[in-house]
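Structure record follows, encoded as structure tokens.
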Amino acid sequence: MKRLAIFASGTGSNAKQLIDYFSGNKDISVALLVSNRKEARALEIARNSNVPAVNFTKEEFYNSSTVIEKLVSEKIDFIVLAGFLIKIPDNILKAYENKIINIHPALLPDFGGKGMYGLNVHKAVIESGKKESGITIHLVNEHYDEGRILYQAKCPVLENDTAEILATRVQELEHRYFPEVVEHFISGKL
Ligand code: GAR
């Protein structure tokens with residue numbers, strides 16, 4: 001059995017999809033949800049599904065071994081970032097090399113990097129005049145949004161799109177593909 005930790009900072013709609021998808025799976029389980037914001041709805045979503053959920057302060061992430069100790073004590077094999085908006089500390093990157101998967105709401109390598117999350121991304125896409133956007137699921141390394149791409153899916157950017165409308169279209173792709181891509185990667189198919 002491979003044990004996943006989901007890291008999430010916000011609403012947790014992708015966390016919910018992942019938890020539901022893997023519930024009852026005999027090879028992969030969501031064993032922990034980690035957040036950096038104690039008010040994140042993702043924590044509540046996890047607890048409602050009986051997934052242990054913990055919040056850590058920035059201090060604990062960057063200046064202590066508290067988080068890595070928790071991951072080790074929970075025997076976590078893979079980490080899935082589902083809207084996790086702070087940089088992964090080096091000690092976690094080292095311990096989980098090629099075992100951290102992120103989802104980004106645009107077609108990398110465009111519209112990635114520091115500060116590119118949530119609506120900022122969709123605003124930038126609309127301002128660029130691009131006719132397509134989508135999702136990128138990729139491995140995480142020490143550079144923001146630059147790890148190996150595992151999967152991309154596209155959707156159109158329409159004439160009258162606002163960032164919010166485009167966000168909804170992109171999230172439909174996220175919910176449809178993210179859990180399956182995580183499963184394929186963990187089972188060695190990607
Ligand atoms: C998702 O759209 C995800 O792609 C994005 O945050 C959102 C979280 O939504 N991540 C990034 O922008 C990372 N750079 P959710 O909390 O509803 O799952």
Side-chain angles (χ1 to χ4, degrees), residues 4-23 30 32-49 51 53-56 58 61 78-89 92-93 100-128 130 132-157 161-183 185:
L4 307 188
I6 298 175
F7 282 27
S9 306
T11 324
S13 71
N14 281 288
K16 169 123 184 66
Q17 296 294 322
L18 289 158
I19 290 168
D20 289 352
Y21 184 89
F22 289 114
S23 96
V30 178
L32 184 68
L33 187 134
V34 169
S35 188
N36 62 313
R37 287 179 58 234
K38 63 177 183 317
E39 64 279 19
R41 228 183 81 64
L43 287 163
E44 197 183 317
I45 285 176
R47 289 180 187 131
N48 287 343
S49 300
V51 171
V54 278
N55 176 64
F56 293 108
K58 243 184 167 170
F61 270 102
F78 291 87
I79 297 172
V80 180
L81 310 184
F84 190 66
L85 303 180
I86 64 170
K87 203 164 191 305
I88 298 293
I92 299 181
L93 278 176
I100 308 178
I101 305 165
N102 182 41
I103 190 158
H104 186 77
L107 298 171
L108 293 174
D110 293 339
F111 308 108
K114 199 165 193 292
M116 280 303 216
Y117 56 83
L119 288 180
N120 295 347
V121 178
H122 305 299
K123 280 185 193 141
V125 170
I126 290 170
E127 276 164 22
S128 76
K130 295 252 186 211
E132 271 187 331
S133 191
I135 60 169
T136 303
I137 299 168
H138 65 97
L139 295 180
V140 174
N141 62 19
E142 65 276 25
H143 304 292
Y144 263 110
D145 298 329
E146 288 183 18
R148 176 161 79 87
I149 291 176
L150 302 175
Y151 184 80
Q152 291 187 303
K154 293 178 181 172
C155 64
V157 179
D161 273 354
T162 59
E164 289 77 6
I165 292 173
L166 181 56
T168 306
R169 196 174 303 123
V170 168
Q171 277 227 317
E172 278 171 22
L173 293 178
E174 297 190 326
H175 296 168
R176 179 160 4 131
Y177 294 111
F178 196 21
E180 212 173 308
V181 172
V182 168
E183 182 178 34
F185 177 70

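Whatever order the structure lists them in is the order used to number ligands and atoms, beginning at 1. Keep in mind that this is a model prediction, so the values were computed, not measured.
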Salt bridge (Lys or Arg N to Asp or Glu O under 4.0 Å) partners for R47, two or more places apart: none
Any N/O pair D145/ligand 1 closer than 3.5 Å: no
Within-cut-off N or O pair, M116 and ligand 1, under 3.5 Å: yes
Nearest non-hydrogen partners of V54 and L43, listed with the distance: O-CD2, 3.7 Å
Atom 4 (O) of ligand 1: nearest protein contact (heavy atom, Å): E174 OE2, 2.4 Å
Heavy-atom neighbours of Y144 OH exceed 12 at 6.0 Å: yes
Salt bridge K130-E132, side-chain N to carboxylate O under 4.0 Å: no
Donor-acceptor pairs are to be reported for all side-chain atoms of residues 169-182 against protein atoms at under 3.5 Å, with residues two or more places apart or in another chain.
unit_1 : atom_1 : unit_2 : atom_2 : d
R169   : NH1    : P156   : O      : 2.9
R169   : NH1    : D161   : OD2    : 2.6
R169   : NH2    : D161   : OD1    : 3.0
Q171   : OE1    : S13    : OG     : 3.4
Q171   : NE2    : E174   : OE1    : 3.3
E174   : OE1    : N14    : ND2    : 3.0
H175   : NE2    : S13    : OG     : 2.8

Contact check: Q171 vs ligand 1, nitrogen or oxygen atoms, below 3.5 angstrom: yes
Numbering as shown, the atoms of ligand 1 that approach G118 to under 4.0 Å (heavy-atom distance): 12 (O)
Which residue and heavy atom of the protein sit nearest atom 11 (C) of ligand 1, plus the separation: P105 CD, 3.6 Å
Ligand 1 N/O within reach of Y117 N/O, cut-off under 3.5 Å: no
Protein heavy-atom partner closest to atom 17 (O) of ligand 1 - residue, atom, separation in Å: S13 OG, 2.6 Å
I103 touching ligand 1 at heavy-atom level, < 4.0 angstrom: yes
Heavy atoms of other groups near K154 NZ, more than 12 under 6.0 Å: no
G83 N/O to ligand 1 N/O under 3.5 Å: no
Polar proximity ligand 1 side, F84 side, N/O cut 3.5 Å exclusive: no
Geometric class of the F84/F61 ring pair [parallel <30°, tilted 30-60°, perpendicular >60°]: tilted
Working for side chain to side chain contact (heavy atoms under 4.5 Å, CB included), residues F111 and H122: CA-CA 9 Å; F111 308 108; H122 305 299; over 6 Å; no
4.0 Å heavy-atom contact, A8 with ligand 1: no
Per-atom contacts of ligand 1 with G12, taking only distances under 4.0 Å to non-hydrogen atoms: 15 (P), 16 (O), 17 (O), 18 (O)
I100 vs F7, side chain to side chain contact (heavy atoms under 4.5 Å, CB included): CA-CA, chis, key distance, verdict: CA-CA 10 Å; I100 308 178; F7 282 27; over 6 Å; no
